[in-house]
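To start, the structure itself, in structure tokens.
Below, read A as the first sequence line, B as the second, and so on, with proteins coming before strands; counting in each chain starts at 1. Any value given below was found using the heavy atoms of this structure, including those in side chains, with hydrogens, waters and symmetry copies removed.
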2 protein chains.
Amino acid sequence: MQIRNGKAFSAPTLDDLDTKLIELLRVNGRATNQELADRLSVTAATVSTRLRRMEDAHVMRVVAVTDFSAHNYNVLIALGVKVQGRDVRQVGRDLAKLPEVLSVNIMNGPHELELLVGLHDFGEINTLLLEHIAAIHGVTHISPGIAADIVKFEFNVVPL
Amino acid sequence: MQIRNGKAFSAPTLDDLDTKLIELLRVNGRATNQELADRLSVTAATVSTRLRRMEDAHVMRVVAVTDFSAHNYNVLIALGVKVQGRDVRQVGRDLAKLPEVLSVNIMNGPHELELLVGLHDFGEINTLLLEHIAAIHGVTHISPGIAADIVKFEFNVVPL
DNA sequence: ATTGAAAGGAGTTGGAC
DNA sequence: GTCCAACTCCTTTCAAT
């Protein structure tokens with residue numbers, strides 16, 4: 001359970017049909033209601049109702065995703081960031097606004113924040129670190145150099 | 001440039017219209033072609049052509065994403081994993097198959113792999129660590145306990 | 001909660017610019 | 001590459017079960 005708009009909010013239970021709809025939309029988010037209906041042996045009207053219900057309940061959303069190459073992100077780097085004198089979460093949100101920053105995790109470790117950043121080339125690393133990240137209030141230390149490669153990036157599970 | 005099906009493959013350049021279409025589909029992936037067309041002052045036929053072209057070129061995809069709560073992932077944990085005697089990438093792929101594992105990054109640091117895992121509750125942590133992760137060939141050490149919280153999880157940039 | 005039918009709306013294709 | 005127009009197909013609504 002979570003709080004949304006100041007009210008307690010429970011996600012409705014997903015039955016078999018809901019789950020199967022999500023599964024199909026994961027493969028093709030622009031499949032027509034009719035196509036989904038045919039595949040699951042229900043009517044398009046039912047699909048329409050179910051999808052609306054899930055979207056309204058913020059259980060599922062259909063969105064466009066793009067390839068790394070479409071953004072020309074050829075270099076992927078993980079960064080540890082130390083924070084002092086400011087709320088960690090707030091610093092994290094500031095960092096998250098940078099377009100190069102793909103993910104921001106708050107950690108209980110030597111570095112309060114851990115970032116995954118995408119760059120067009122290695123030449124950008126200094127600009128990014130010095131001008132963009134180090135410039136943010138509260139950031140006291142950056143540990144770069146730990147090049148990362150992504151094996152799995154589960155975009156199907158996101159906070160909405 | 002990348003290699004796909006044994007052939008050199010260059011993503012087509014995205015012009016203004018393509019970019020704006022993606023932007024709109026990021027907000028609502030099930031917007032109708034007509035709606036997109038109206039907003040961008042072109043015809044639905046043009047939108048149809050552009051979307052097909054981008055999907056065929058694997059530049060963009062529209063997919064369903066679900067909320068953490070829909071999966072009942074209430075606990076989020078980052079894990080460092082040490083690997084010995086086996087290819088790191090291969091171990092990473094094995095770990096990626098576990099449903100709890102949301103992301104797998106290959107790192108050049110003390111831990112060769114870094115995972116982000118989702119759990120239904122803290123009680124699951126022992127099962128996950130001992131029975132699922134430690135059981136994978138090549139895994140020699142796990143550093144748990146660094147609880148994580150996600151500020152940003154950029155699902156809009158994924159390998160397709 | 002699902003259905004069926006009907007009316008309005010949307011998608012695609014081919015030909016012209 | 002975009003548009004127009006026509007045809008086909010889809011979406012939504014509402015009464016009924």
Does either side chain, that of Q90(B) or that of D94(B), offer a donor lying less than 3.5 Å from an acceptor on the other one?
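No donor-acceptor contact under 3.5 Å links the two side chains.
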T49(B) and T46(B): side-chain donor and acceptor closer than 3.5 Å?
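T46(B) and T49(B) do not have a side-chain donor-acceptor pair below 3.5 Å.
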Just to be sure I understand the rule, does [X] reach a base, reach only the sugar-phosphate, or reach nothing, if contact means heavy atoms closer than 4.0 Å?
X	answer
L51(B)	nothing
T46(A)	base
Q34(B)	sugar-phosphate

Shortest side-chain distance from [X], nucleotide among [options]:
X	options	value
N33(A)	dT2(C), dT2(D), dT11(D)	dT11(D)
A45(B)	dT11(D), dC3(D), dT3(C)	dC3(D)
L17(B)	dT2(D), dG4(C), dT12(D)	dT2(D)
V42(A)	dA10(C), dT12(D), dT3(C)	dT3(C)

Indicate yes or no: does K20(A) engage D16(A) in a salt bridge with an N to O separation below 4.0 Å.
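D16(A) and K20(A): salt-bridged.
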How many Å lie between [atom1] on [X] and [atom2] on [N], as a whole number?
X	N	atom1	atom2	result
R30(B)	dG11(C)	CZ	C1'	14 Å
D38(A)	dG4(C)	CG	P	12 Å
E35(B)	dT11(D)	CD	P	14 Å
R53(B)	dT12(C)	CZ	C1'	18 Å
D15(A)	dT2(C)	CG	P	7 Å
E55(A)	dT11(D)	CD	C1'	14 Å
M54(B)	dG1(D)	CE	C1'	14 Å
L36(A)	dC10(D)	CG	P	11 Å

Residue pair V81(B), H111(B): steps toward the side chain to side chain contact (heavy atoms under 4.5 Å, CB included) verdict:
CA-CA 5 Å; V81(B) 173; H111(B) 304 98; 5.7 Å; no
Look at the side-chain N and O atoms of [X] and state whether any lies under 4.0 Å from the OP1 or OP2 oxygen of [N].
X	N	answer
T43(B)	dT2(D)	no
R50(B)	dT2(D)	yes
R52(A)	dT13(D)	yes

Output the distance between atom CD1 (I77(A)) and atom CG (N105(B)), rounded to the nearest 0.5 Å.
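The CD1 atom of I77(A) sits 13.0 Å away from the CG atom of N105(B).
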